[in-house]
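Just so it is clear, the model here is predicted, and its values are computed rather than measured. Residue numbers start at 1 and run along the sequence shown.
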Amino acid sequence: MNLKFRAKDYKSDDSFESAEYEYFGNEKEGWEIKRNGDPYLHLGPGYIPLKTISCGVCSTDIDRRFLPFPLPQIIGHEVLAEGLGEHQGKQYVVEINDTYEARGDKSPDVFCKEGIPTHSPERRVLGIDRLPGGFGPYILAPVHAAISLEGVSPKAAVLMEPFAAALQAILASPPKPGDHVAVLGPRRLGSLILAALASYRKTNLSDFRITAITRHDHLVTLSKAMGADEVIDLRNTDIESLKNHFDIVYDTTSTASGFESALQIAKREVHLKTTNGQVMAGIAHLTELVVDELSILPYSDSNVLFHWEKENRKNRNIFVFGSVSETIKEKLKTQFTVFEGNSSDAEHVLISDSFVNQLPRFDLVVVSTPEELSLAIRPNPNHENSLVRPRGAILVDTSKTKDWPADASLVGKFFANQKEIHSSRCGDFHMAISLLRDNPEITHALETNLISHRFSSDQLELAYATAKDPSSVKVVVDFK
């Protein structure tokens with residue numbers, strides 16, 4: 001099959017330019033992609049061509065220039081598409097991770113074997129990392145990432161990717177009975193987290209309270225429609241009065257000020273869902289923290305056992321920065337294989353014989369400074385590998401946080417008070433579709449309330465600019 005078309009590439013200066021693309025190949029033999037006549041990307045077998053119907057604009061698109069992936073690129077990853085060729089007449093939503101598993105490759109890497117295929121370092125990401133996205137008229141989707149749309153209306157389907165991501169936050173940080181949780185910034189993803197919380201509560205017959213926190217009139221109304229029990233308007237309420245008020249705060253603001261507010265008002269946990277690629281509260285690489293779905297926890301005897309609830313594994317290998325207290329080091333050595341040193345030492349260990357035929361990451365890393373915390377997430381500017389395994393944890397030696405510099409003192413006090421930061425990325429489409437089928441009133445709320453603006457594909461720049469405006473909620477670009 002040969003598909004030739006023009007699309008608007010996103011550039012590192014936050015602008016768009018028109019480019020000519022050509023896809024040539026097939027699912028069995030692979031594909032060659034050309035951009036303006038030059039080779040752009042070679043894809044092996046396992047991809048099917050889809051025609052874009054519509055694509056949502058999200059916070060990641062708006063902050064795309066800050067992410068560590070090459071530009072220019074056709075961005076957009078919240079895709080509703082239809083099949084071509086033998087798949088003609090079918091509609092699909094598309095999971096964004098291009099992995100061995102998604103392509104049906106029979107020779108998976110160690111990340112796939114460990115049950116975390118979406119974290120494979122070799123993955124591409126639709127509309128984010130190399131693979132052309134949904135702001136173009138055609139995409140190439142890994143065959144198992146194209147999920148047939150059955151039982152959910154197309155109006156709600158364009159929201160499937162962000163709804164699945166919202167649901168992932170709830171599964172990673174589930175409210176406990178009697179909890180009072182808050183969604184800070186209930187706009188694009190935040191309003192979907194409200195809907196996911198409401199669906200989760202109903203499906204699981206759970207008992208917890210949901211509050212939305214905003215400072216915009218239209219989001220007050222939207223939050224109530226999406227399932228919030230109450231809405232706090234920060235134009236009328238001082239954030240100081242909310243300190244330590246909520247058991248879990250799901251931060252979807254994508255701002256440094258929002259993150260700092262979340263740290264102040266959380267009683268137990270902040271779940272970081274959206275970031276902006278920049279330093280926040282004195283900590284670098286929080287965007288990458290979310291990408292890797294890492295957690296940051298105060299060091300404790302119980303937290304050294306941390307793993308995601310559905311993972312069936314035990315922590316074995318731990319790296320400890322040299323500045324961590326000797327008491328912690330000695331205690332860990334009685335339970336685990338412990339490596340010690342600086343970030344360069346840690347990288348050398350991960351490529352040594354100690355990690356042959358193993359996932360080349362530590363299960364946990366223990367730090368005592370903000371700099372070490374940032375290095376644990378991304379130790380080397382030459383690559384995107386963390387020291388910590390995806391969905392693993394960084395433990396903070398809280399005996400040292402009183403010495404943290406002023407710009408990181410807020411987060412230092414947060415950990416000293418035994419509070420936690422968790423994060424999550426994209427979610428399971430099959431689970432999201434099932435939840436929406438079981439909760440038709442939530443589906444109706446999504447269809448009715450969430451999409452505030454729709455634009456045709458030739459108005460992409462206007463759609464993008466509108467999505468940046470706080471008066472918008474969800475902006476969608478339509479191709480037919």
Side-chain angles (χ1 to χ4, degrees), residues 1-3 23-34 39-51 69 77 79 81-88 90-134 138-150 160-161 164 168 291-293 307-308 310-313 316 350-351 353 355-361 363 383-386 389-392 425-434:
M1 182 178 289
N2 189 15
L3 296 169
Y23 300 164
F24 180 79
N26 58 63
E27 179 184 344
K28 303 294 185 187
E29 299 173 309
W31 297 83
E32 296 293 336
I33 301 178
K34 290 186 176 181
Y40 172 76
L41 187 64
H42 169 77
L43 301 175
Y47 298 82
I48 60 173
L50 299 176
K51 181 173 172 41
F69 306 118
H77 56 274
V79 184
E82 61 184 354
L84 298 170
E86 63 182 282
H87 303 286
Q88 189 99 28
K90 294 183 179 179
Q91 291 191 346
Y92 299 89
V93 286
V94 183
E95 293 185 326
I96 69 175
N97 291 290
D98 170 13
T99 67
Y100 287 99
E101 187 174 86
R103 297 188 297 269
D105 195 310
K106 298 190 185 307
S107 301
D109 67 1
V110 65
F111 287 80
C112 295
K113 292 175 182 177
E114 283 274 324
I116 44 176
T118 58
H119 291 284
S120 171
E122 67 80 42
R123 76 183 183 278
R124 303 179 187 89
V125 184
L126 178 72
I128 296 175
D129 179 12
R130 291 167 289 173
L131 197 63
Y138 298 98
I139 63 171
L140 294 172
V143 61
H144 297 307
I147 312 300
S148 179
L149 186 63
E150 296 179 4
M160 193 60 64
E161 194 282 331
Q168 182 81 334
V291 168
D292 291 351
E293 298 186 297
H307 61 79
W308 274 38
K310 292 189 177 182
E311 289 185 341
N312 182 23
R313 67 174 186 84
R316 295 178 298 164
L350 291 174
I351 60 173
D353 291 345
F355 279 79
V356 171
N357 298 322
Q358 293 187 52
L359 189 75
R361 303 287 189 276
D363 297 309
H383 60 70
E384 289 301 310
N385 298 335
S386 172
R389 63 175 287 131
R391 300 182 181 174
R425 190 163 50 97
C426 46
D428 186 325
F429 277 35
H430 296 283
M431 186 179 295
I433 289 172
S434 176

Contact between [X] and [Y] at the side-chain level, heavy atoms closer than 4.5 Å - yes or no?
X: Tyr23; Y: Asn2; answer: no
X: Thr99; Y: Pro142; answer: no
X: Phe111; Y: Pro117; answer: no
X: Leu84; Y: Leu50; answer: no
X: Glu82; Y: Tyr92; answer: no
X: Tyr100; Y: Glu122; answer: yes
X: Arg425; Y: Asn97; answer: yes
X: Arg103; Y: Val143; answer: no

Quick one: do the Tyr47 and Asn26 side chains pair a donor with an acceptor below 3.5 Å?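 There is no such pair between these side chains.
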
Do the side-chain N and O atoms of Glu101 and His144 include a donor-acceptor pair separated by under 3.5 angstrom?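 Note: Glu101 and His144 side chains miss the donor-acceptor criterion.
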
Do other residues, nucleotides or ligands put more than 12 heavy atoms under 6.0 Å from the CZ atom of Phe69?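 Enclosed.
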
Check: [Y] main-chain N/O paired with [X] side-chain donor or acceptor under 3.5 Å:
X: Asp109; Y: Cys112; result: yes
X: Asp98; Y: Val125; result: no
X: Glu384; Y: Pro121; result: no

Could you go step by step and tell me if His430 and Ile147 meet the side-chain contact (heavy atoms from CB on, under 4.5 Å) rule? CA-CA 8 Å; His430 296 283; Ile147 312 300; 3.6 Å; yes

To the nearest 0.5 Å, what is the distance between [atom1] on [X] and [atom2] on [Y]?
X: Asn357; Y: Leu359; atom1: CG; atom2: CG; answer: 12.0 Å
X: Met1; Y: Tyr138; atom1: CE; atom2: OH; answer: 9.0 Å
X: Ser386; Y: Asp292; atom1: OG; atom2: CG; answer: 5.5 Å
X: Ile48; Y: Trp31; atom1: CD1; atom2: CH2; answer: 9.5 Å
X: Ser120; Y: Glu114; atom1: OG; atom2: CD; answer: 12.0 Å
X: Lys51; Y: Gln88; atom1: NZ; atom2: CD; answer: 10.0 Å

Glu311: what forms a side-chain contact (heavy atoms from CB on, under 4.5 Å) with it, not counting sequence neighbours?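 Expected list: Ile116, His307, Trp308, Arg313, Arg389, Arg391.
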
Ignoring hydrogens, what is the shortest heavy-atom contact between [X] and [Y]? Give both atom names and the distance.
X: Pro49; Y: Leu3; value: CB-CD1, 4.0 Å
X: Ile139; Y: Pro132; value: CG2-O, 3.9 Å
X: Gly427; Y: Glu95; value: O-OE2, 4.0 Å
X: Pro360; Y: Phe355; value: CA-CD2, 4.2 Å

Intermediate values then yes/no, side-chain contact (heavy atoms from CB on, under 4.5 Å), Leu43 and Leu131: CA-CA 9 Å; Leu43 301 175; Leu131 197 63; 3.8 Å; yes

Before you tell me yes or no, could you show the steps for Met431 and Gln168 under side-chain contact (heavy atoms from CB on, under 4.5 Å), namely the whole-Å CA-CA distance, both residues' side-chain angles and the distance that decides it to 0.1 Å? CA-CA 10 Å; Met431 186 179 295; Gln168 182 81 334; over 6 Å; no

Whether Lys34 engages the ring of Tyr40 as a cation-pi pair (distance to the six-membered ring centre under 6.0 angstrom, angle to the ring normal within 45°) should be assessed.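 Output no; distance or angle outside limits.
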
Output, in order, the C-alpha distance, side-chain angles, deciding distance and verdict of side-chain contact (heavy atoms from CB on, under 4.5 Å) for Glu161 and Val93. CA-CA 8 Å; Glu161 194 282 331; Val93 286; over 6 Å; no

